[in-house]
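Letters A, B, ... are given to chains in the order of the sequence lines, protein chains preceding strands, and every chain is numbered from 1.
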Protein chains: 2
Amino acid sequence: MKNSQLYKGSLNTIIMKLLEENGKMYGYEITQKVKAITAGELNITEGALYPALHKLEAEGILDVEIEKVDNRMRKYYKLTEAGEKETINRLSELEDFIRNMQSLVNPKPSLEF
Amino acid sequence: MKNSQLYKGSLNTIIMKLLEENGKMYGYEITQKVKAITAGELNITEGALYPALHKLEAEGILDVEIEKVDNRMRKYYKLTEAGEKETINRLSELEDFIRNMQSLVNPKPSLEF
DNA sequence: TCTTATACATAAAACTTCTAGGTATGTAAA
DNA sequence: TTTACATACCTAGAAGTTTTATGTATAAGA
């Protein structure tokens with residue numbers, strides 16, 4: 001998609017935040033949710049999403065649970081306890097990042113008269 | 001450094017914004033400026049910075065001018081005309097990005113009573 | 001003299017993401 | 001009925017950026 005370079009490196013944080021908020025989600029659901037929240041501006045590709053989910057699972061951040069709905073497979077992911085702790089750190093990093101980027105883009109004028 | 005993953009993909013935008021603001025800067029100056037603005041939280045490594053500057057120059061975004069100060073070489077970079085136009089686009093993308101990330105992290109509650 | 005700061009540079013490895021494919025089911029349109 | 005689209009998963013290879021680890025050189029300070 002037309003995703004700018006800027007989103008690179010933010011995928012894990014996005015996934016973890018969504019799972020923190022919604023309890024459990026499956027891959028396709030995550031892509032649709034992100035598209036909806038960002039009004040179509042950010043489209044997570046499957047080639048990025050699935051490897052990322054598998055990696056987070058391997059790291060013990062996520063747990064999987066397979067369900068069959070309408071004869072179609074769904075793999076629901078949710079945060080482990082370790083994952084919840086890590087999510088707190090990631091969100092804090094995200095806040096710092098946003099604050100820093102805003103400082104760079106919108107520097108405080110020096111206090112002169 | 002302890003730079004989180006989130007900064008990946010934002011280096012070009014940072015460089016371009018700083019040059020838009022300061023007219024011309026040299027590599028080492030950019031690293032110091034970023035460190036100062038972010039209170040030490042973001043350190044741009046040379047291994048990332050110099051290749052990025054060279055690439056932006058090759059793309060016609062930046063112009064170089066070599067000066068010798070105190071017997072040391074300095075390569076001053078400044079935005080070309082095309083670079084200035086592109087910077088406007090990048091900053092607009094950055095605003096969208098920040099807005100989208102904030103929507104994800106801090107979703108608007110539905111308007112129910 | 002040794003360390004730190006200034007100032008540039010690059011090559012190899014690591015890492016993430018994109019592109020481009022693949023499988024399969026259900027539904028709606030032509 | 002065949003085509004298209006949405007749902008739902010997956011992966012391999014290419015592309016791209018950044019990190020790590022170097023290297024060179026001058027100036028200043030301990």
Heavy-atom side-chain proximity of [X] to [Y] below 4.5 angstrom:
X	Y	result
L19(A)	M25(A)	yes
M16(A)	E84(A)	no
S92(A)	D96(A)	yes

Nearest-Å distance, [atom1] ([X]) to [atom2] ([N])?
X	N	atom1	atom2	result
L49(B)	dT19(D)	CG	P	11 Å
I15(B)	dT17(D)	CD1	P	11 Å
L53(B)	dT18(D)	CG	P	12 Å
E29(B)	dC8(C)	CD	C1'	15 Å
E67(A)	dC9(D)	CD	C1'	15 Å
E57(B)	dC8(C)	CD	C1'	14 Å
L56(A)	dT16(C)	CG	P	10 Å
N43(B)	dT20(D)	CG	P	12 Å

Can you tell me if [X] touches the phosphate of [N], counting only side-chain N or O atoms and a distance under 4.0 Å to OP1 or OP2?
X	N	result
Y26(B)	dA7(C)	yes
H54(B)	dC8(C)	no
T45(B)	dT18(D)	no
N71(A)	dA24(C)	no
K8(A)	dC18(C)	no
Y50(A)	dC10(D)	no

N/O donor-acceptor pair, side chain Q5(B) with base dC15(C), under 3.5 angstrom: no
Looking only at side-chain atoms of K75(B), point me to the closest of dG21(C), dT18(D), dA9(C). dA9(C)
Taking for G47(A) and for R72(A) the nucleotide of DNA chain D with the nearest heavy atom, the one nearer the 5' end belongs to R72(A)
Per nearest nucleotide of DNA chain D, the residue lying toward the 5' end, I44(B) or G27(A), is G27(A)
Examine K75(A) relative to Y26(A) and say whether NZ or CZ is less than 6.0 Å from the centre of the six-membered ring and inside a 45° cone about the ring axis. no
Report which part of the nucleic acid K55(A) touches: base, sugar-phosphate, or nothing (heavy-atom distance under 4.0 Å, all strands). sugar-phosphate
Closest-nucleotide 5' rank along DNA chain C - winner of Q32(B) and P51(A): Q32(B)
Within the supplied structure, the quantity of interest is the number of heavy atoms (other residues, nucleotides, ligands) at a distance under 6.0 Å from K33(A) NZ; does it exceed 12? no
